[in-house]
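Since the structure is predicted, the reported quantities are computational estimates derived from the model, not experimental observations.
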Amino acid sequence: MYHAIQRNKSGSVPVFNEDTLTSSVFGQLLYLPVELLWGILKAGTYGNDLPETSGKLLNVEFWPHWNAENTSNVNFVEPDVFIEFDGLNLIVESKRNDDGQQRKDQWRNEAQAYRNIIDEDQRAKPLYLIAVGGLHSEESESLNIEENGCSVIVIKSRWARLLAVVDRLRKSWREQYMHSSELLAKIRIMDDLVELFEMHGYGMYQWLEDADFRYWMKRKSVRGEALSFEIATGKNYGQK
């Protein structure tokens with residue numbers, strides 16, 4: 001679809017907003033192998049507080065409508081993305097700009113609504129929330145929902161930071177001497193992702209402050225598959 005918009009073939013004036021940014025970025029990332037998806041999220045968030053691994057990706061929902069009981073909402077609670085992994089569950093709450101829009105009451109509502117809809121056997125699974133954009137601070141936070149014993153660890157990120165990770169990773173792939181068909185497919189996904197960022201106003205100039213980041217590739221074996229992936233910063237994941 002975005003190729004049609006890019007070449008003015010969509011038949012209407014495109015609207016770029018918070019929802020199109022969220023679906024564009026996370027929709028593309030979800031095409032990647034789960035180990036790579038998780039590595040990008042770890043490198044693209046502050047604080048180094050996400051677990052090392054997530055386990056298999058089980059299910060993804062964009063803008064689910066959850067039961068609003070015991071929240072300040074009337075009809076339903078609508079997180080932007082909900083991703084179920086083997087080892088944890090993840091809520092994504094995104095804002096259009098990089099600073100000043102996130103709200104703790106919204107995070108609490110989403111944690112409560114999650115508790116309302118989750119199966120009993122899933123309640124022991126750790127719950128994380130990535131707040132993308134709209135930040136008031138970069139420090140991770142732990143919120144306890146006293147009414148039901150549910151807790152959520154809130155991890156922070158910025159769109160510009162995610163773009164920096166994606167762009168450095170695709171450049172490191174392009175620099176490899178041999179390109180397998182699998183690697184070429186990943187590069188195409190990353191190329192599209194960078195274009196989608198640019199359509200929403202996030203170009204390369206946005207992340208010059210992160211120029212001290214160092215990214216490199218390392219061969220690993222994950223469940224019998226050769227996985228070319230390691231992103232590091234020279235400090236710790238997610239730290240400035």
**Q** Measuring from atom OG of S142 to atom CD1 of I153, what distance do you get when rounded to the nearest 0.5 angstrom?
**A** 5.5 Å
**Q** Compare every heavy atom of S23 with every heavy atom of T20, then report the nearest pair and how far apart it is.
**A**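 Distance-wise, the nearest heavy atoms are O-OG, 3.2 Å.
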**Q** Rounded at 0.5 Å granularity, tell me how far CD in E35 sits from OG in S54.
**A** 7.5 Å
**Q** Would you say V132 and W63 are hydrophobically clustered, going by side-chain heavy atoms of ILVMFWY under 4.5 Å?
**A**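 Same cluster.
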**Q** I would like to know whether K125 and E84 meet salt bridge (charged side-chain N to carboxylate O under 4.0 Å, His left out); could you show each step before the answer?
**A** CA-CA 10 Å; K125 187 183 289 188; E84 295 181 73; 5.2 Å; no
**Q** For E61, check salt bridge (charged side-chain N to carboxylate O under 4.0 Å, His left out) against everything at least two apart and list the hits.
**A** none
**Q** Let me confirm one number: the CG-CG distance from L193 to L29, rounded to the nearest 0.5 Å.
**A**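 If we round to the nearest 0.5 Å, L193:CG and L29:CG are 5.0 Å apart.
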**Q** Nearest 0.5 Å, what's the CD1-CD1 distance between I91 and I155?
**A**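 So the gap between those two atoms works out to 12.5 Å.
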**Q** Treating Ile, Leu, Val, Met, Phe, Trp and Tyr as nodes and any side-chain heavy-atom pair under 4.5 angstrom as an edge, say whether L88 and I117 lie in one connected cluster.
**A** no
**Q** Please determine whether residues I40 and L183 belong to a single hydrophobic cluster, defined as Ile, Leu, Val, Met, Phe, Trp and Tyr linked transitively by side-chain heavy-atom distances below 4.5 Å.
**A** yes
**Q** Only one of H136, K95, Q106 forms a side-chain contact (heavy atoms from CB on, under 4.5 Å) with Q101, so which one is it?
**A**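 Going through the options one by one, the only one that passes is K95.
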**Q** Looking only at non-hydrogen atoms, find the nearest pair between E52 and K42 and report the distance.
**A** OE2-NZ, 3.7 Å
**Q** Under 4.5 Å between any side-chain heavy atoms of V152 and Y114, yes or no?
**A**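 No, too far: nothing below the 4.5 Å cut-off.
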**Q** Looking at E138 and R158, is there a salt bridge between them, counting it only when a charged N and a carboxylate O are closer than 4.0 Å?
**A**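 Looking at E138 together with R158, the answer is yes, because their closest N to O distance falls below 4.0 Å.
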**Q** If the threshold is 4.0 Å, N to carboxylate O, is there a salt bridge linking E182 and K186?
**A**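 Salt bridge present between E182 and K186.
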**Q** Indicate the atoms forming the closest heavy-atom contact of N109 with S72, along with that distance.
**A** ND2-OG, 2.8 Å
**Q** Going only through I, L, V, M, F, W and Y residues with side-chain contacts under 4.5 Å, is there a path from Y46 to L143?
**A** no
**Q** Does R96 reach the main-chain N or O of D19 with its side chain, forming a donor-acceptor pair under 3.5 Å?
**A**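 Not confirmed, R96 side chain does not pair with D19 backbone.
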**Q** For F62 and G27, work out which heavy atoms get closest and say how close.
**A**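 So the minimum-distance heavy-atom pair works out to CZ-N, 3.9 Å.
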**Q** Assigning hydrophobic clusters by single linkage (Ile, Leu, Val, Met, Phe, Trp, Tyr; side-chain heavy-atom cutoff under 4.5 Å), is L21 placed with F82?
**A**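 No.
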**Q** Are V25 and V166 packed together at the side-chain level, in the sense that at least one heavy-atom pair is separated by less than 4.5 angstrom?
**A** no
**Q** When rounded to the nearest 0.5 angstrom, what is the spacing between CG in L163 and CG in L196?
**A** 11.0 Å
**Q** Salt bridge (charged side-chain N to carboxylate O under 4.0 Å, His left out) between K171 and D167: does it pass, once the steps are laid out?
**A** CA-CA 6 Å; K171 286 178 179 176; D167 188 60; 3.1 Å; yes
**Q** What do the steps show when you test H65 against N75 for side chain to side chain contact (heavy atoms under 4.5 Å, CB included), and what is the final call?
**A** CA-CA 9 Å; H65 285 188; N75 296 316; over 6 Å; no
**Q** Sub-3.5 Å donor-acceptor pair from the side chain of N116 to the main-chain atoms of N67, do we have one?
**A**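 Answer holds: yes.
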**Q** So, for V77 and P79, which heavy atoms are closest and what is the spacing to 0.1 Å?
**A** O-CD, 3.5 Å
**Q** Using the six-membered ring wherever Trp is involved, compare the ring planes of W159 and F26 and label them parallel, tilted or perpendicular (cut-offs 30° and 60°).
**A**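 W159 vs F26 ring planes: perpendicular.
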**Q** Please report the closest heavy-atom contact between D191 and R170, naming both atoms and the distance.
**A** OD1-NH1, 2.7 Å
**Q** Side chain to side chain contact (heavy atoms under 4.5 Å, CB included), that's the test. Do Y128 and T45 meet it? Break it down for me.
**A** CA-CA 12 Å; Y128 291 83; T45 51; over 6 Å; no
**Q** Could you walk me through whether E18 and D80 pass the side chain to side chain contact (heavy atoms under 4.5 Å, CB included) test, one step at a time?
**A** CA-CA 10 Å; E18 177 181 299; D80 290 304; 4.3 Å; yes
**Q** Which is it for V194 and M190 under the side chain to side chain contact (heavy atoms under 4.5 Å, CB included) test, yes or no, and what are the steps along the way?
**A** CA-CA 6 Å; V194 170; M190 296 304 214; 5.5 Å; no
**Q** Do K156 and Q102 have side chains that approach each other closer than 4.5 Å (heavy atoms only, starting at C-beta)?
**A** no
**Q** Could you state the interatomic distance from CZ (F197) to CG (L162), rounded to the nearest 0.5 Å?
**A**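 Here the interatomic distance stands at 5.5 Å.
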**Q** Exactly one of L57, L127, L41 should register a side-chain contact (heavy atoms from CB on, under 4.5 Å) with L90. Which one does?
**A**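 Option passing the side-chain contact (heavy atoms from CB on, under 4.5 Å) with L90: L41.
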